[in-house]
Amino acid sequence: MSTMQWGTPARFPAVYEELLVPGFFTAFADEMLDRGQPRDRESMLDVATGTGIVLRRARVRCPSLARAVGLDLTAGMLAVAREKSEGLDIEYVEGDAASLPFEDAAFDLVTCQQGLQFFPAREQALREFRRVLAPGGRAVVACWCDVETAPAHQALTDALRQHFPDREPVARVPFSLSSADELRSLLHEAGFGDVDVERVAGTARFSSPEDFSRSFMEGSPMAIAMADVPQEQRDALARDIAMNVRERFGEPVVAPMVTHIATARA
Ligand SMILES: C[S@@+](CC[C@H](N)C(=O)[O-])C[C@H]1O[C@@H](n2cnc3c(N)ncnc32)[C@H](O)[C@@H]1O
């Protein structure tokens, strides 16, 4: 399977924060927290925290959390997370989800928004989530549903297929754990109980088709995957993505996105 090159130094985290976080990650972070319910004096870990949106929202919702920790593989994402979390008392740690640098039973709540599908060792990562949770602690894990439920992204993959058919699989990786049954089984196999997987519909919002196109070309690891392509060919792809999205959604871009959100107990 193609992989996304998270972890590679690049400037995409700043554009991720500028466009994708307000575009849809913030609203879905609130859906995660509605289910995780962080409470006073609890300790919370957000795995694959990216620029920290789940923890930033958690701190606003529950300022008296005892501890809020975010872990991610990509130093550039954590640099933006630290900058955006000033004054919020959130710790950020660079590391791999499959080998969490925390003691057993250190947390009451572990969240992971749109991270698990990218991990090469998904089962091992979920066993780690369980190990660092106190007995009875809660996990909340979100992974996108099929790409067909994200029509703006489909408009984008259509353009990518026309320009660079060999690179289309990379754009599908975010949707590579779209089966509710697979997500449920992974959690059971990692030893979790009370597993429930919900389908949660939301909306992607971008002020223009060009911003939508830029969020993908410059705000995701696609920026790395396309780094070897001459600028004029990248510009042509970006224009066609914007054109496809404009045809289907107009301006501003308001398009559906659907995720599974799994809840489980350690
Ligand atoms: C789509 S982003 C989601 C970020 C964040 N959860 C959010 O909601 O904005 C995926 C994140 O997974 C991280 N990631 C990928 N593989 C990882 C791994 N093996 N361990 C920890 N983080 C990883 C990436 O660096 C990236 O920040």
Side-chain angles (χ1 to χ4, degrees), residues 1-33 35-36 44-59 68-85 90 92-102 109-129 132 139-144 147 150 153 170-178 186 200 202 204 215-216 218-225 257 259-262:
M1 184 175 66
S2 302
T3 53
M4 281 199 152
Q5 294 171 296
W6 299 106
T8 311
R11 65 176 288 279
F12 74 82
V15 181
Y16 179 97
E17 173 64 26
E18 177 197 338
L19 296 175
L20 289 167
V21 169
F24 49 80
F25 282 113
T26 304
F28 280 114
D30 289 338
E31 296 281 358
M32 306 265 304
L33 295 168
R35 287 153 182 84
M44 171 175 176
L45 170 67
D46 184 41
V47 181
T49 195
T51 59
I53 190 59
V54 174
L55 291 171
R56 287 186 269 146
R57 301 298 287 180
R59 269 282 181 224
V69 184
L71 174 130
D72 202 281
L73 196 62
T74 306
M77 292 295 242
L78 293 174
V80 175
R82 288 191 184 101
E83 190 190 314
K84 291 282 164 188
S85 304
I90 301 173
Y92 289 105
V93 178
E94 193 176 329
D96 189 327
S99 168
L100 296 175
F102 307 109
L109 172 62
V110 172
T111 51
C112 182
Q113 166 157 266
Q114 309 306 340
L116 182 64
Q117 61 267 56
F118 301 107
F119 303 163
R122 292 170 179 170
E123 275 182 53
Q124 170 61 18
L126 290 177
R127 277 196 294 273
E128 281 290 89
F129 290 15
V132 302
V140 183
V141 178
C143 294
W144 299 123
V147 70
H153 197 88
V170 183
R172 291 183 174 269
V173 179
F175 303 88
S176 61
L177 182 37
S178 59
L186 279 168
V200 179
S215 75
F216 175 72
E218 296 175 34
S220 80
M222 210 60 205
I224 301 163
M257 300 263 328
T259 190
H260 285 129
I261 300 184

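We count ligands from 1, going down the list as the structure has it; atoms in each ligand are counted the same way. Source: prediction; values computed, not measured.
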Side-chain heavy atoms of Tyr92 within contact of Asp72, under 4.5 Å: no

Set of residues satisfying side-chain hydrogen bond (donor to acceptor under 3.5 Å, both in side chains) with respect to Glu83, sequence neighbours excluded: none

Numbered atoms and elements of ligand 1 in range of Gly95, under 4.0 angstrom, heavy atoms: 20 (N), 21 (C)

Under-4.0 Å heavy-atom contact with ligand 1, by part of Met77 that carries it: side chain

Atoms of ligand 1 close to Ala97 [distance to a heavy atom under 4.0 angstrom, numbered from 1]: 18 (C), 20 (N), 21 (C)

Enumerated ligand 1 atoms positioned under 4.0 Å from heavy atoms of Thr49: 5 (C), 6 (N)

Close-contact set for ligand 1 against Asp96 heavy atoms, below 4.0 Å: 18 (C), 19 (N), 20 (N)

Which of the ligand 1 atoms, numbered from 1, are nearer than 4.0 Å to a heavy atom of Thr74: 24 (C), 25 (O)

Flag side-chain contact, heavy atom, 4.5 Å: Phe28 against Gln114: no

Interatomic spacing from CG in Leu126 to CG in Leu116 - rounded to 0.5 Å: 5.0 Å

Shortest non-hydrogen separation from Gln117 to Pro174 and the atoms involved: NE2-O, 2.9 Å

Donor-acceptor pair, side chain of His153 and main chain of Ala171, under 3.5 angstrom: yes

Sub-4.0 Å heavy-atom contact, Thr51 with ligand 1: no

Sub-3.5 Å N/O-N/O distance, Ala48 and ligand 1: yes

Ligand 1 atoms in contact with Gln114 (distance to a heavy atom under 4.0 Å): 1 (C), 2 (S), 3 (C), 10 (C)

Per atom 11 (C) of ligand 1, closest listed option by heavy atom (Val21, Asp72, Leu71, Val47): Asp72

Student check: side-chain heavy atoms of Phe119 and Asp96 closer than 4.5 Å: no

The single option from Arg82, Lys84, Glu17 passing side-chain hydrogen bond (donor to acceptor under 3.5 Å, both in side chains) against Thr51: Glu17

Nitrogen or oxygen of Asp46 less than 3.5 angstrom from that of ligand 1: no

For ligand 1, the portion of Tyr16 having any non-hydrogen atom under 4.0 Å away: side chain

